[in-house]
Trainee: 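I have a structure here, written as structure tokens, and I will follow up with some questions on it.
Ligands are counted one by one from 1 in listed order, and the atoms in each one are counted from 1 as well. Scope of the values below: all heavy atoms of this structure, side chains included, with no hydrogens, waters or symmetry mates. Everything quoted here is computed from the prediction, not taken from an experiment.
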Amino acid sequence: MKKVIVTGGAGFIGSHTVVELVNAGYEPIILDNFSNSDERIIKQLEQLLDQEIEVHNIDCTKEQQLARFFLLEGNIHGIIHFAAHKAVGESVKDPLKYYRNNLISLMNLIKLMKESEVKNLVFSSSCTVYGEPDTTVVTEKSPRKEAASPYGNTKRISEDIIIDSSIAGDLSAAVLRYFNPIGAHPSGLIGELPLGVPNNLVPYLTQVAAGQRECLTIFGDDYDTPDGTCIRDYIHVVDLAKAHVNALQWLEKNPGACDTFNIGTGNGHSVLELVNSFEKVNDISLNRTIGEKRPGDVSAIYADSEKAEQILNWQAELSMADALKDAWTWQTYLKNNW
Ligand code: UDP
């Protein structure tokens with residue numbers, strides 16, 4: 001079986017990708033330092049997949065730890081690199097933490113890939129590289145704008161590091177620009193586990209629905225959109241996870257390739273639409289209020305994901321309603337079992 005290293009494999013998108021790798025016949029190996037994930041997720045994964053998963057507690061910024069792993073493991077087919085800090089607000093307060101962690105871990109991995117002749121890299125980038133876009137729908141050719149935060153800047157710089165390394169012949173890469181991942185595995189066994197107060201809409205909303213938080217604040221209702229709330233492209237995490245498998249398969253068929261792909265549904269939904277849909281599919285009434293705009297929020301952005309469809313043969317299949325149902329199943333599981 002082809003061994004695929006999944007850094008950050010205990011995290012939200014990483015854990016779902018581990019499931020899809022197994023479903024596609026790969027052998028995922030998780031590297032995670034559990035700085036923003038919970039070790040219990042591994043047991044959950046093993047229950048879901050009915051098999052053991054190899055896990056190493058490794059911090060990718062520690063080159064020696066990583067080098068030892070590469071040496072002992074051998075015969076690595078590819079790497080899917082998720083391990084990174086991701087809180088926008090924290091990155092503004094502590095930029096060095098973000099530059100150090102997100103960039104050093106990537107550079108360590110690329111160096112070791114080169115030394116061990118591991119060619120295939122799938123990288124988690126973000127639509128944040130488009131900044132405040134000129135058009136609501138963005139293609140991969142839309143200009144990258146100045147990053148609104150150090151976090152966003154680490155994604156932009158990481159993309160450049162990968163492109164330059166590929167030009168130098170060190171690796172083949174698929175850079176995936178995620179839109180807004182939401183939902184959870186339909187089994188209800190894995191999902192998002194935010195530490196502390198969630199920054200993102202759906203985990204906050206499910207905690208309000210579960211009675212853990214009092215009220216959802218909708219950040220602004222006077223944006224220049226049909227209902228005044230921001231528009232995003234919400235993608236089911238299982239669809240997003242599958243995109244990584246397709247990207248890996250594309251790299252296998254195209255040695256030396258390096259390209260960037262939007263991974264979104266191609267549909268925009270407003271915050272109000274999402275909240276109303278959550279209430280409808282789960283038959284729950286949410287305590288909510290309208291608050292101030294959140295600084296730095298773009299009014300509307302969604303993906304043109306035609307390129308991923310054409311080249312990676314990937315397309316989102318699940319709806320926002322599916323994701324909101326699965327997110328609630330997961331929240332309910334957490335309430336009863338965690
Ligand atoms: N949002 C909100 N209330 C919250 C969290 C988020 O109204 O408690 C809005 C936010 O302003 C944005 C959308 O939900 O329009 C998605 O925000 P999120 O943080 O989930 O993702 P982002 O698009 O910022 O990466």
Side-chain angles (χ1 to χ4, degrees), residues 11-13 36 82 84-92 98 102 124-133 136-138 144-145 147-156 176-184 191-210 212-237 240 262-265 267-279 286-303 320 323-324 326-328 330-331:
F12 176 42
I13 306 169
N36 190 23
F82 294 104
H85 292 326
K86 60 173 187 181
V88 174
E90 186 191 40
S91 81
V92 175
Y98 277 69
N102 294 5
S124 58
S125 188
S126 164
C127 67
T128 172
V129 299
Y130 296 117
E132 177 87 53
T136 306
V137 189
V138 289
R144 294 186 312 176
K145 295 284 184 66
S149 70
Y151 159 75
N153 212 21
T154 67
K155 290 297 175 192
R156 185 190 164 118
L176 306 186
R177 290 178 177 159
Y178 310 155
F179 282 68
N180 287 56
I182 59 166
E192 197 165 3
L193 274 175
L195 283 183
V197 184
N199 291 312
N200 296 114
L201 177 60
V202 171
Y204 199 99
L205 177 158
T206 53
Q207 290 191 4
V208 172
Q212 280 171 248
R213 306 207 175 268
E214 215 153 283
C215 179
L216 172 74
T217 304
I218 295 173
F219 297 145
D221 69 347
D222 57 353
Y223 282 97
D224 185 16
T225 59
D227 67 19
T229 64
C230 291
I231 292 174
R232 295 286 181 277
D233 186 333
Y234 294 98
I235 175 164
H236 197 300
V237 65
L240 176 56
N262 283 343
I263 306 295
T265 65
N267 296 308
H269 291 285
S270 73
V271 176
L272 267 180
E273 280 172 350
L274 183 146
V275 172
N276 293 336
S277 172
F278 180 87
E279 291 188 324
L286 273 175
N287 197 9
R288 51 164 125 158
T289 180
I290 306 292
E292 295 290 304
K293 284 180 177 169
R294 184 170 66 177
D297 271 346
V298 167
S299 69
I301 182 168
Y302 60 95
M320 182 171 80
L324 295 172
D326 295 335
W328 180 237
W330 168 240
Q331 185 68 51

Trainee: Tell me whether Tyr204 has any N or O atom under 3.5 angstrom from an N or O of ligand 1.
Mentor: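 Tyr204 vs ligand 1: no N/O contact under 3.5 Å.
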Trainee: Return the residue, atom name and 0.1 Å-rounded distance of the protein heavy atom closest to atom 15 (O) of ligand 1.
Mentor: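 Result for atom 15 (O) of ligand 1: Cys230 CB, 3.0 Å.
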Trainee: Pull out every atom of ligand 1 sitting under 4.0 Å from any heavy atom of Val271, numbered as shown with elements.
Mentor: 7 (O), 9 (C), 13 (C), 14 (O), 15 (O)
Trainee: Could you tell me whether ligand 1 has any atom less than 4.0 Å away from a heavy atom of Tyr178?
Mentor: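 Outside the 4.0 Å threshold, so no.
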Trainee: For atom 13 (C) of ligand 1, what is the nearest protein heavy atom, given as residue, atom name and distance?
Mentor: Tyr234 OH, 3.5 Å
Trainee: Regarding atom 23 (O) of ligand 1: of the candidates Lys293, Arg232, Lys86, which has the closest heavy atom?
Mentor: Arg232
Trainee: How far apart are the C-alpha atoms of Thr206 and Trp330, what are their side-chain angles, what is the distance that settles it, and do they pass the side chain to side chain contact (heavy atoms under 4.5 Å, CB included) test?
Mentor: CA-CA 9 Å; Thr206 53; Trp330 168 240; over 6 Å; no
Trainee: Distance to 0.1 Å, residue and atom name: give those for the protein heavy atom nearest to atom 3 (N) of ligand 1.
Mentor: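 Looking at atom 3 (N) of ligand 1, the protein heavy atom closest to it is Thr217 O, 2.8 Å.
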Trainee: Has Asn262 got a side-chain atom pairing as donor or acceptor with Val138's backbone, closer than 3.5 angstrom?
Mentor: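 Pair found, side chain donor or acceptor close to backbone of Val138.
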Trainee: Would the distance check show the side chain of Thr229 and the main-chain N or O of Leu272 forming a donor-acceptor pair, the cut-off being under 3.5 Å?
Mentor: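 Yes: the side chain of Thr229 pairs with the backbone of Leu272.
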Trainee: Please check: side-chain N/O of Glu279 versus main-chain N/O of Leu286, any donor-acceptor pairing under 3.5 Å?
Mentor: yes
Trainee: Does the side chain of Ile301 come within less than 4.5 Å of Arg232's, by heavy atoms?
Mentor: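 A side-chain contact exists here, since the closest heavy-atom pair is under 4.5 Å.
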Trainee: Please say whether Ile218 places an N or O atom under 3.5 Å from an N or O atom belonging to ligand 1.
Mentor: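 In this structure, Ile218 places no N or O atom under 3.5 Å from an N or O of ligand 1.
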Trainee: Describe, in one word, how the ring planes of His85 and Tyr98 are oriented to each other, choosing from parallel (under 30°), tilted (30 to 60°) and perpendicular (over 60°).
Mentor: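 Tilted: the ring planes of His85 and Tyr98 meet at 30° to 60°.
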Trainee: Give the contacting part of Asp297 toward ligand 1: side chain, backbone, both or neither, where contact means a heavy-atom distance below 4.0 Å.
Mentor: side chain
Trainee: If you have a sec, work out which protein heavy atom is nearest atom 7 (O) of ligand 1 and how many Å separate them, to one decimal?
Mentor: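 That would be Phe219 N, 2.9 Å.
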Trainee: Quick check: does any side chain N or O of Lys145 sit under 3.5 Å from a backbone N or O of Glu132, one acting as donor and the other as acceptor?
Mentor: yes
Trainee: Could you work out, with salt bridge (charged side-chain N to carboxylate O under 4.0 Å, His left out) as the rule, every residue matching Asp224, not counting sequence neighbours?
Mentor: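 Here no residue qualifies.
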Trainee: For the pair Asn102 (side chain) and Ala84 (backbone), establish whether a donor and an acceptor sit closer than 3.5 Å, ignoring hydrogens and angles.
Mentor: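 Answer holds: no.
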Trainee: What's the shortest distance from atom 17 (O) of ligand 1 to any protein heavy atom, and which residue and atom give it?
Mentor: Arg294 NH2, 3.4 Å
Trainee: Among all protein heavy atoms, pick out the one at the shortest distance from atom 22 (P) of ligand 1; state its residue, atom name and that distance to 0.1 Å.
Mentor: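 Its nearest protein heavy-atom neighbour is Asn180 ND2, 3.6 Å.
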Trainee: Closest non-hydrogen protein atom to atom 20 (O) of ligand 1, residue and atom name please, with distance?
Mentor: Leu201 N, 2.9 Å
Trainee: So if I count the atoms of ligand 1 from 1 in the order they appear, which ones are less than 4.0 Å from some heavy atom of Asn199?
Mentor: 5 (C), 19 (O)
Trainee: Of all the non-hydrogen atoms in the protein, which one sits nearest to atom 18 (P) of ligand 1, and at what distance?
Mentor: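 Ranked first by proximity to atom 18 (P) of ligand 1 is Asn200 ND2, 3.4 Å.
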Trainee: For residues Tyr151 and Glu90, is any side-chain donor paired with an opposing acceptor at under 3.5 Å?
Mentor: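 Short answer, no.
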